[in-house]
Protein chains: 2
Amino acid sequence: MSTRRRGEELERAILQAAAEELRESGYAGMTMDRVAARAGTNKNAIYRRWPHRAALGIAAYRHLSDTVMPNPDTGTLRGDALEMLRQANETWSSPHGAVLRALLAAAADDPALLALMRERSGADTMDRAWLTMLERAVARGEAPPTAAHPRVATTPMMLLRAEYAMRGIPSVPDEVLIEIVDEVLLPLVRGRA
Amino acid sequence: MSTRRRGEELERAILQAAAEELRESGYAGMTMDRVAARAGTNKNAIYRRWPHRAALGIAAYRHLSDTVMPNPDTGTLRGDALEMLRQANETWSSPHGAVLRALLAAAADDPALLALMRERSGADTMDRAWLTMLERAVARGEAPPTAAHPRVATTPMMLLRAEYAMRGIPSVPDEVLIEIVDEVLLPLVRGRA
DNA sequence: CCTATAGGGTACGCGACGTACCTTAAAGGC
DNA sequence: GCCTTTAAGGTACGTCGCGTACCCTATAGG
């Protein structure tokens, strides 16, 4: 019997357990004791690997979602942008999103953790997707060349995130998404001519 | 001696104490026991008035800052907007801002608290200030009439807030503010013609 | 085979929230 | 001017969860 797990194997078991706790109880409910119990080990093994709960939470998050990056190509900038926002809205309002938002809040005062989050949550990849989307629009002649600017690319998602922060709640109505596109993104692109 | 304080008076003493704790130790350091001790009372009196720490924190926050709303009038939209952003940046990066951000994080999962926050932090007033700023620009003929749109008015501040969330930390370089104005707000206003 | 390393078990210190219960002062009607 | 109701003071406690300390035991790898 026995076969005491070590190294890699144990580590995966812990992350797995943590991820399940995250899914079931959210970040607030993911206690170290419960993770240890669920992984069939003890807190020692955890603290030898991660310095505190937040670090474990973030590490475990990747086990939840392998964040598929959308890459819509509807033929118009408006269509693409709306699609991106809708996908993001869906993701963020899912249980996943709740976990992610809780983690973000927990990491808010630790730059190191924040950086980790950005990596794991695919924020950078997301930004690049928006940029290439804009470049396609430029190529189609739908937008002036100067429209493919990083600041422009990140604006819609930032507005969406700010919207979450405003409302308590994790689902933004579709009208808001449309408004972000029609009242901000498109005029903005147009105005950069 | 005695003169046991009651009602109003005691309430103010508690809020005062809580505000001082907030200023000195931040929200994380504002414990119920310490507030009670500092106010020269006990937790009973506190819990009879606020259901939990977060509520007290939010209530106390107003004692910290009577949030003076800036209302720059530099003669140009660009100047006004930059001034607004700079003021906001300064506020948010002050110790005040740290408290405010901590409170926001703590209230993130409770819509009722969030609503309270919005009130107390003057967010709505801020939005109105931006809108009237835009209206002045319209009146000067500096912007098309459709530029004075709520979504436009809230965009710069939302971008600033998102910037805080991104970076860990509480001071955004001036270049970013300039970029928000030059690369987003002004083109956006122009593009709405 | 034997030793260094890492996992298992367990207990504990500590801080902080929120609650329970009783005592005591103050307000306000009669 | 008493007396009841209400609210404050005092204090102790239950609970939870993080992080740490210790000591025992299996296993890897020389």
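Naming convention: chains lettered A, B, ... in sequence-line order (proteins, then strands); numbering from 1 in each chain. Being a predicted model, the structure only gives us computed values, none of them experimental.
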How many angstroms lie between atom [atom1] of [X] and atom [atom2] of [Y], to the nearest 0.5 angstrom?
X	Y	atom1	atom2	answer
B/Asn89	B/Leu177	CG	CG	5.0 Å
B/Arg23	B/Ser94	CZ	OG	10.0 Å
B/Leu159	A/Arg151	CG	CZ	7.0 Å
B/His52	B/Ile58	NE2	CD1	7.5 Å

Just checking, is any N or O donor in the side chain of B/Tyr47 or B/Asn42 under 3.5 Å from an acceptor N or O on the other one?
-> no

With distance as the sole criterion, is a donor-acceptor pair present between the side chains of A/Asp80 and A/Thr74 under 3.5 Å?
-> yes

Selection: [range], any non-hydrogen atom under 4.0 Å of DNA chain D:
range	value
residues 7-22 of chain A	none
residues 47-55 of chain A	A/Tyr47, A/His52, A/Arg53
residues 24-45 of chain A	A/Met30, A/Thr31, A/Met32, A/Asp33, A/Lys43, A/Asn44

Rounded off to whole Å, could you give me the CD1-to-P distance for the B/Ile46 and C/dC17 pair?
-> 10 Å

Taking 4.0 angstrom as the limit, do B/Glu142 and B/Arg78 come out as a salt bridge?
-> no

Applying the side-chain hydrogen bond (donor to acceptor under 3.5 Å, both in side chains) test to A/Glu11, which of A/Arg48, A/Arg49, A/Arg5 qualifies?
-> A/Arg49

Closest heavy-atom pair, B/Ala55 versus B/Pro51, reported as atoms and distance to 0.1 Å, is CB-CD, 3.8 Å

Parallel, tilted or perpendicular: ring planes of B/His96 versus B/Tyr61, cut at 30 and 60 degrees = perpendicular

